[in-house]
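Reviewing the structure listed below.
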Amino acid sequence: MAGAGNTVVTAARALVGDNNAARPVIAQDDFRRAVNRQVAFVAKKLGLGPAWDDDAITLSLTEFDYTLPTSVDYNQVIALQYSSDRRQLDKRSPEEIRELRSGTGSASGRSYLYAMDRDSSGRAVVMLPYLPSHVETLDAYVSTMPSQWESGPGTPPS
């Protein structure tokens with residue numbers, strides 16, 4: 001059942017016999033949450049769990065923010081670590097990272113803090129408080145469970 005969110009909901013409602021949109025038996029958000037629970041249940045039964053995505057991000061000497069690969073969604077990232085020595089970074093809020101940036105000027109060095117945010121197109125972004133002092137890569141520990149299907153007609157997780 002791939003396609004736009006409304007298409008999936010319509011098809012699923014038809015399967016359970018709840019296809020009168022004017023008088024649905026199950027509320028739209030309740031139905032969406034039920035679909036999310038079933039997808040998570042099936043994924044768990046298939047043995048899907050978290051996994052390391054090696055070299056997910058290559059740091060640059062001139063960038064604070066890094067867009068994650070399209071295969072990684074915002075709420076799938078569990079942890080980040082440096083590829084070379086497996087040193088993990090501590091997650092903070094985007095506001096805290098922005099505050100650290102404002103007080104550092106052009107400070108650089110190896111960051112042990114990060115935050116997650118979204119860019120203007122909705123893609124997941126890793127934010128660092130300092131410019132890296134040398135080029136290296138970060139591994140991302142990501143959930144292989146489908147991301148939650150938010151309210152609205154967007155495409156559901158595959």
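Looking only at side-chain heavy atoms (C-beta outward), L128 and E63 stay at 4.5 Å or farther from each other. Residues V126 and L68 form a side-chain contact, since some pair of their non-hydrogen atoms from C-beta on lies under 4.5 Å apart.
Shown here for Y114 and A79, the closest heavy-atom pair between the two residues is OH-CA, 3.9 Å. For M116 against P94, the heavy-atom pair with the smallest separation is O-CG, 3.3 Å. V142 and I78 get closest at one heavy-atom pair: C-CD1, 4.1 Å. The two residues P129 and F64 make their nearest non-hydrogen contact at O-CE2, 3.5 Å. Contact record, R87 with Y112: CG-CE2, 3.3 Å, taken as the closest heavy-atom pair. Considering every non-hydrogen atom in both S83 and T137, the closest pair reads OG-OG1, 2.7 Å.
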Set out, in order, the CA-CA distance, both residues' side-chain angles and the distance that settles side chain to side chain contact (heavy atoms under 4.5 Å, CB included) for V135 and L61, then state yes or no. CA-CA 6 Å; V135 175; L61 302 178; 4.1 Å; yes
Evaluation steps, side chain to side chain contact (heavy atoms under 4.5 Å, CB included), between K91 and V77: CA-CA 10 Å; K91 189 171 184 180; V77 176; over 6 Å; no
Audit row: R123, D117, salt bridge (charged side-chain N to carboxylate O under 4.0 Å, His left out) steps and yes/no: CA-CA 8 Å; R123 292 200 38 213; D117 206 353; over 6 Å; no
Verdict with supporting geometry, Q81 and W52, side chain to side chain contact (heavy atoms under 4.5 Å, CB included): CA-CA 10 Å; Q81 71 180 14; W52 283 102; 3.3 Å; yes
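Cation-pi geometry between R110 and Y82 is satisfied (NZ or CZ under 6.0 Å from the ring centre, within 45° of the ring normal).
Residue Y141 holds its OH atom at 9.5 Å from CD of Q88, rounded to the nearest 0.5 Å. Atom CG of D65 and atom CG of D119 lie 9.5 Å apart (nearest 0.5 Å). Rounding to the nearest 0.5 Å gives a distance of 8.0 Å between CG of D139 and CG of D53. Atom CG in L100 sits 10.0 Å away from atom CE in M127 (nearest 0.5 Å). To the nearest 0.5 Å, atoms CG (L138) and OG1 (T58) are separated by 8.5 Å. Of the inter-residue distances, the one linking L59 atom CG with S133 atom OG reads 9.5 Å to the nearest 0.5 angstrom.
Partners of E96 according to the side chain to side chain donor-acceptor pair (under 3.5 Å) rule, which considers only residues two or more places apart in sequence or in another chain, are R92.
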